[in-house]
Amino acid sequence: MIEIRSPLSSSVEPGEYGAQSAAKAALQLSERAPGSLIQIAGWQDFATVTAPALGALGFDGHGNFRTVQTAGPVSCYRIAPDKLLLRHSDGGSFKELLENLNPASSPTLDLSHARWLIEIEGSEVEALLARLASLDFSLQEFPEGTFAQTGIHHVGVLLHRVSADKFLIFVPVTWAESIWNLICETAAPFGFKVIVHP
Amino acid sequence: MLRIKCPICGLRDETEFTYGADAIVRRPDMDETNPQDWLNYVFYRDDPKGPHKEYWHHVQGCRQWLVLERNTLSHEIGACRLAREVPK
């Protein structure tokens, strides 16, 4: 298997940047590999033909276009009527899923090498994201466990709110550095800390 | 700023979308032999003033093709539906 390497390896330097309060940085930025990421697509009978495979993973149906379904380490994003994005956060295999899918009716695409995760956490996360994308990031309109696909700097991204003050951003690997730099620049007035995961 | 209510993603700024084509145009039957009908289909478009239907692509969202009702005079945005669900 091809080794997955961070597209941000030359950009991420741990430390504190921008405006700093006496207490602590208002934001924490970090990056990580998405784990295993697979996209399932289909046609009009998509729900029917993929239901057994999703059931085997522990999902009850396809969910809706806003809510992230989770079953253990696997998250399911319904990104279009006939398209799902599945993430195995610890990099586990989707072998069982693939065994339950007919590639002639439900083609899959491994995106593990094609996306990268940028994590933003902190008290000013809503204010920061509001400067990056034209969505309402208030907890009321964008609650925990929901996601949205939008554009940052004209690059298509997927935003997942995992808690009140933390978002995951799925970015295309080829644009990860540009998006990272833009986020850092935008976060500077708030003050931010870059963390490197072990 | 135009705001379009995508049936999948909800209300979004126009910058997430790309205009596709006139959604009123209908292709002639494949056995149509009148060249004028094909000429009209391939090259000629009306420039309507007022309510109109257009194809838009939600390129930075769900990537679905949509049929959007837009008033070309006032820019008022009307109904927006998945193109696959609009009868041809």
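Predicted model only: the values in this text are computed from it and were never measured.
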Residues in side-chain contact (heavy atoms from CB on, under 4.5 Å) with R27(B), at least two apart?
M30(B), W38(B), Y41(B)
Counting only heavy atoms from other residues, nucleotides and ligands, does the tally under 6.0 Å from NE2 of H153(A) exceed 12?
no
Side chain, backbone, both or neither: which part of V155(A) has a heavy atom under 4.5 Å from chain B?
backbone
Within a strict 4.5 Å, meaning less than it, do heavy atoms of the R84(B) and D82(A) side chains meet?
yes
Mind checking what makes ring-ring contact (aromatic ring centres under 6.0 Å, His included) contact with F46(A), not counting sequence neighbours?
H62(A)
Residues of residues 60-71 of chain B with a heavy atom under 4.5 Å from any heavy atom of chain A, in residue-number order, are Q60(B), G61(B), C62(B), Q64(B)
Of all residues at least two apart in sequence or in a different chain, which pass the side-chain contact (heavy atoms from CB on, under 4.5 Å) check with D13(B)?
S134(A), M1(B), R3(B), T15(B)
Chain B contacts, top residue of A133(A), A80(A), P81(A) (heavy-atom pairs, under 4.5 Å)
P81(A)
Any side-chain heavy atom of C9(B) sitting closer than 4.5 Å to one from R66(A)?
no
Turns out that what part of L158(A) lies under 4.5 Å from chain B's heavy atoms comes down to neither
Check whether more than 12 heavy atoms from other residues, nucleotides or ligands sit under 6.0 Å from atom CG of D47(B), and answer yes or no.
no
If you count every heavy atom of other residues, nucleotides or ligands that lies below 6.0 Å from N64(A) atom CG, does the total exceed 12?
yes
For atom CD of E185(A), is the number of surrounding heavy atoms from other residues, nucleotides or ligands below 6.0 Å larger than 12?
no
Has R26(B) got more than 12 heavy atoms of other residues, nucleotides or ligands less than 6.0 Å from its CZ?
yes
Around H154(A), counting heavy atoms of other residues, nucleotides and ligands shown, do more than 12 lie under 6.0 Å from its NE2?
no
If every non-hydrogen atom of E16(B) is compared with every non-hydrogen atom of Q149(A), which pair is closest and at what distance?
OE1-O, 4.2 Å
